[in-house]
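Read the structure below first, then the notes.
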Amino acid sequence: MNITPFQQKVYDFVQTIPKGETATYKNVAVGIGHPKAYRAVGSALNRNPFIGRVSCHRVIKSNGQIGGYVLGTNKKLELLKKESLNS
DNA sequence: ATCATGACTAATG
DNA sequence: CCATTAGCCATGA
C-alpha cells in the first residue's frame, strides 16, 4: 500500500506537533501547504496506515471540539489531557 | 475519468 | 446554541 505524498506530509506534520500541544485539521492543512485540504487531512488520518505510531490524537477540529478517533474519541481526549498536564 | 464518502470549516438563520 | 448549506480536497471503487 503505497502512501501518497499528501499523507506523508500530514503524518510528518502531525508528528512534529510538540507534546502537550494540539493542532487543528486546518492548521495541519496549512502547515503542509494545502490550506484548503483540511477535508483530505481528516481522510488521510482516518486511513492513517501508521495508526498507533503517528500522534493523530493531537489533531482536533478548529472550533476546539474533538474530531474523531479510530480508538474512540474518549481515548483521544484522555491522551490529550494527560499530555497536556505534565510537559 | 467519474461518483460517493469523510476524523472538516465557515457562514447563515 | 443548534441546524442547515455550500465549499474544497484526497482517496477508493
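Chain A is the first sequence line, chain B the second, and so forth, proteins listed ahead of strands; every chain is numbered from 1.
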| query | Do other residues, nucleotides or ligands put more than 12 heavy atoms under 6.0 Å from A:Gln15 CD? | reply | yes
| task | Whole angstrom is fine here: how far is it from CG in A:Leu71 over to P in B:dA7? | result | 14 Å
| Partner set under side-chain contact (heavy atoms from CB on, under 4.5 Å) for A:Lys75, not counting sequence neighbours | A:Tyr69, A:Leu71, A:Leu79
| Listed once per pair and sorted, the side chain to side chain donor-acceptor pair (under 3.5 Å) pairs that draw on residues 58-68 of chain A, sequence neighbours left out | A:Arg58-A:Glu83
| said: Using heavy-atom distances to pick each residue's nearest nucleotide on DNA chain B, tell me which of A:Lys26 and A:Gly67 is more 5'. | reply: A:Gly67
| said: In this structure, how many angstroms lie between the P atom of B:dA7 and the CG atom of A:Leu79, rounded? | reply: 19 Å
| How would nucleotides 6-13 of chain C be written as a contact map, 5' to 3', with B for base contact, S for sugar-phosphate-only contact and - for no contact, using protein heavy atoms under 4.0 Å? | -BBBSSS-
| query | Can you tell if the side chain of A:Lys82 reaches within under 4.5 Å of the side chain of A:Leu85, non-hydrogen atoms only? | reply | no
| Rounded to the Å, how far apart are A:Asn46 CG and B:dA4 C1'? | 15 Å
| query | So which heavy atom on A:Val14 is nearest to which on A:Ser55, and how close? | reply | CG1-O, 2.9 Å
| query | How close or far is atom P of B:dG6 from atom NZ of A:Lys61, stated in whole angstroms? | reply | 14 Å
| query | Is there a donor on the side chain of A:Tyr25 or the base of B:dA7 sitting less than 3.5 Å from an acceptor on the other? | reply | yes
| request: Measure the distance from CD1 on A:Ile60 to C1' on B:dT9 and round it to the nearest whole Å. | output: 14 Å
| field | Side chains of A:Ile17 and A:Val59 in contact at under 4.5 Å (non-hydrogen atoms) | value | yes
